[in-house]
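Quick notes on the structure that follows.
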Amino acid sequence: MPISGFPEWMPPQRMIEQRVIERIRTTFELYGYAPLETRSVEPLDTLLMKGETSKEVYVLRRLQADDNAKDDDQLGLHFDLTVPFARFVGENAGKLQFPFRRYQIQKVWRGERPQEGRYREFLQADIDVVNRGELPFHYDCEMPLVIGDALGGLPVPRVRIQVNNRKVCEGFYRGLGLEDTAQVLRTVDKLDKIGPARVAEVLIETVGATRAQADACLELAAISAEDGSFVDAVRKLGVEDPLLDEGLGELLRVVETAREHAPGLVTAELKIARGLDYYTGTVYETLLEGYERFGSVGSGGRYDNLATSGNERFPGVGYSIGVSRMLGVLFGQNALNISRSVPTCVLVALPNEEQRPACDRIAGALRKRGIPTEVAPTAAKFGKQIQYADRRGIPYVWFPGEPDTVKDIRSGDQVEADAAAWEPPAGDLRPVIAG
RNA sequence: GUGGUCGUAGCUCAGCUGGUAGAGCACCUGGUUGUGGUCCAGGGGGUCGCGGGUUCAAGUCCCGUCGAUCACCCCA
């Protein structure tokens with residue numbers, strides 16, 4: 001029986017997932033991020049920053065646990081890879097070279113109600129850069145480029161990265177005279193769901209905004225641009241605040257950098273507030289074109305206060321791809337296909353059991369040259385053996401004989417072949433994924 | 001975690017106001033005496049998600065539970 005929120009995919013889906021992971025991993029390494037894996041479990045107080053209880057964390061309990069044992073060292077499964085990483089950095093700061101760039105591709109767990117593309121156990125692919133003291137801002141500009149590169153090389157829909165900067169929002173709200181900027185942010189974030197009229201109402205009710213202040217917040221949220229024009233649009237609203245200026249400058253750098261290196265990838269979207277609460281500046285959100293209704297398939301941002309060691313600070317910026325969500329959504333819409341359901345490229349037909357050793361030798365010769373090969377399970381009629389290959393999408397059936405022949409069962413073409421020399425076309429060697 | 005909708009064969013679904021299960025596709029066998037996909041004939045397969053209740057009788061009604069999905073919450 002399935003368990004809600006813990007998906008188990010079939011081999012074709014898993015092959016696609018592995019290929020996606022491979023692409024993401026090689027791209028991360030191409031940019032110099034070093035591999036890291038942290039334990040699945042963290043002390044509860046590491047996971048729950050300063051008394052936070054809203055996070056749906058799975059807690060670990062031993063079957064033989066003593067009921068009256070102290071529970072101040074409770075363990076929980078991590079719900080993202082950034083918090084454990086921050087802990088790791090603080091703990092190993094002495095052994096690391098800064099700025100430290102690393103990637104992690106691991107499962108995370110959240111006890112939320114599952115839906116399509118929302119699971120309780122899912123895979124994240126995460127990059128972060130942290131530094132000791134101050135982290136130069138150009139790393140904020142690099143993040144979207146890496147993600148765009150990783151996902152752009154996959155047969156998935158076009159990726160759009162929406163960027164904002166919390167300093168812009170906070171500065172703007174403060175310049176406007178609104179003090180509870182966090183609450184304003186949370187409310188404005190619901191814009192797409194509840195609409196501008198309702199957002200204005202809520203702002204007036206919960207943070208004591210005036211009609212004019214609420215309208216100004218909505219005007220800010222409406223700003224969206226693929227170039228630096230958003231700066232003027234914000235300035236036109238006439239709000240003055242040093243933090244706002246700082247945020248605008250940063251956001252501009254991200255947008256301009258992306259415009260040069262990956263045109264069309266990044267949009268400044270001033271209504272974006274999403275993501276974990278530890279973000280202090282840049283925030284990113286990732287949408288798949290045509291799949292916007294399924295929400296973000298990746299997000300990240302700048303965190304200046306997450307990792308510490310003694311009185312040292314380790315500010316960082318990171319990005320996380322929700323691999324399971326992205327694939328779950330695409331699988332659900334049948335938007336990804338793979339050319340066969342097994343890795344096998346060649347099935348060696350078996351004329352009779354006596355010839356199995358000879359067939360094993362043929363398979364061995366092919367495998368030695370990197371061609372995925374299996375020998376037929378039984379010496380059934382050749383028609384059945386071809387059918388065995390056909391059902392799995394295996395493109396070639398090898399017939400031992402004098403001489404050996406190999407048949408492309410898609411075209412029916414059958415030619416003489418030597419197991420020590422024959423090569424399939426490069427496109428047939430591994431299963432092909434199409435979007 | 002809260003609320004709504006849904007759950008019949010591997011898949012897509014039918015089953016009227018309750019009368020103890022069906023189709024198409026898929027699968028297996030044979031026609032086809034060892035090179036598939038077509039065609040023809042035959043065949044196997046379902047504790048109607050699971051558990052309880054109402055009833056002479058439940059796939060059909062009620063409750064619970066599990067799963068899927070949607071909204072909220074949260075977020076990948």
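What you see below is based on every heavy atom in this structure, not just the backbone, and it leaves out hydrogens, waters and symmetry mates. Every chain is numbered from 1, with letters handed out A, B, ... down the list of sequences.
In this structure, OH on A:Tyr173 lies 11.5 Å from CG on A:Asp180, to the nearest 0.5 angstrom.
Pairs engaging residues 135-158 of chain A under the salt bridge (charged side-chain N to carboxylate O under 4.0 Å, His left out) rule: A:Arg23-A:Asp149, A:Arg101-A:Glu142, A:Asp140-A:Arg302, A:Arg158-A:Glu289 [sequence neighbours left out]. The salt bridge (charged side-chain N to carboxylate O under 4.0 Å, His left out) pairs that include a residue from residues 338-353 of chain A are A:Glu353-A:Arg356, where partners are two or more places apart or lie in different chains. Screening residues 426-435 of chain A for salt bridge (charged side-chain N to carboxylate O under 4.0 Å, His left out), with sequence neighbours left out, gives A:Glu22-A:Arg430, A:Arg410-A:Asp428.
Take A:Ser411 and apply the side-chain contact (heavy atoms from CB on, under 4.5 Å) test, not counting sequence neighbours, and it matches A:Asp408, A:Asp413. Under the salt bridge (Lys or Arg N to Asp or Glu O under 4.0 Å) criterion, A:Glu374 pairs with no residue at all, not counting sequence neighbours. The side-chain contact (heavy atoms from CB on, under 4.5 Å) check on A:Arg253 picks up A:Phe137, A:His138, A:Cys141, with sequence neighbours excluded. Shown here are the salt bridge (Lys or Arg N to Asp or Glu O under 4.0 Å) partners of A:Glu37, two or more places apart in sequence or in another chain: there are none. With sequence neighbours left out, the side-chain contact (heavy atoms from CB on, under 4.5 Å) criterion links A:Gln387 to A:Lys384, A:Arg391. Under the side-chain contact (heavy atoms from CB on, under 4.5 Å) criterion, A:Val406 pairs with A:Tyr396, A:Trp398, A:Val415, A:Ala417, A:Trp422, sequence neighbours left out.
Looking at heavy-atom distances under 4.0 Å, A:Gly117 makes contact with a base. Note on A:Gly332: nothing from the nucleic acid sits closer than 4.0 angstrom, heavy atoms only. Residue contacts shown for A:Glu116 are limited to sugar-phosphate atoms, with no base heavy atom under 4.0 Å away. Here A:Tyr119 lies in heavy-atom contact (under 4.0 Å) with a base. At a threshold of 4.0 angstrom between heavy atoms, the contacts of A:Lys107 with the nucleic acid are absent.
Comparing the same atom, P, in B:G64 and in B:C25 gives a spacing of 41 Å after rounding to whole Å. For B:G37 and B:U29, the P atoms lie 13 Å apart once the distance is rounded to whole Å. Nucleotides B:A9 and B:U60 place their P atoms 14 Å apart, quoted to the nearest Å. Taking atom P on both B:A68 and B:U12, the two are 15 Å apart, rounded to the nearest angstrom. Taking atom P in both B:C48 and B:A58, one finds a spacing of 12 Å when rounded to whole Å. Taking atom P in both B:G59 and B:U54, one finds a spacing of 16 Å when rounded to whole Å. With P as the reference atom, B:G30 and B:G10 are 24 Å apart, rounded to whole Å.
Look at A:Gln115 and you won't find any side-chain N or O under 4.0 angstrom from OP1 or OP2 of B:U69. Taking only side-chain nitrogens and oxygens, A:Ser296 never comes nearer than 4.0 Å to OP1 or OP2 of B:C75.
For the pair A:Arg392 and A:Tyr388, the cation-pi criterion (under 6.0 Å, within 45° of the ring axis) is fulfilled. Cation-pi geometry between A:Arg325 and A:Phe294 is not satisfied (NZ or CZ under 6.0 Å from the ring centre, within 45° of the ring normal).
For the contact set between residues 146-153 of chain A and RNA chain B, defined by any heavy atom under 4.0 Å, there are no members.
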Between the protein and nucleotides 41-49 of chain B, which nitrogen or oxygen pairs come in under 3.5 angstrom?
none

Practice prompt. Would you mind building the protein contact string for nucleotides 26-37 of chain B? One character per nucleotide, 5' to 3', B for base within reach (heavy atoms under 4.0 Å), S for sugar-phosphate only, - for untouched.
Written response: -SSS---SBBBB

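Looking at A:Arg118, its side chain has no donor and acceptor atom pair within 3.5 Å of the base of B:A76.
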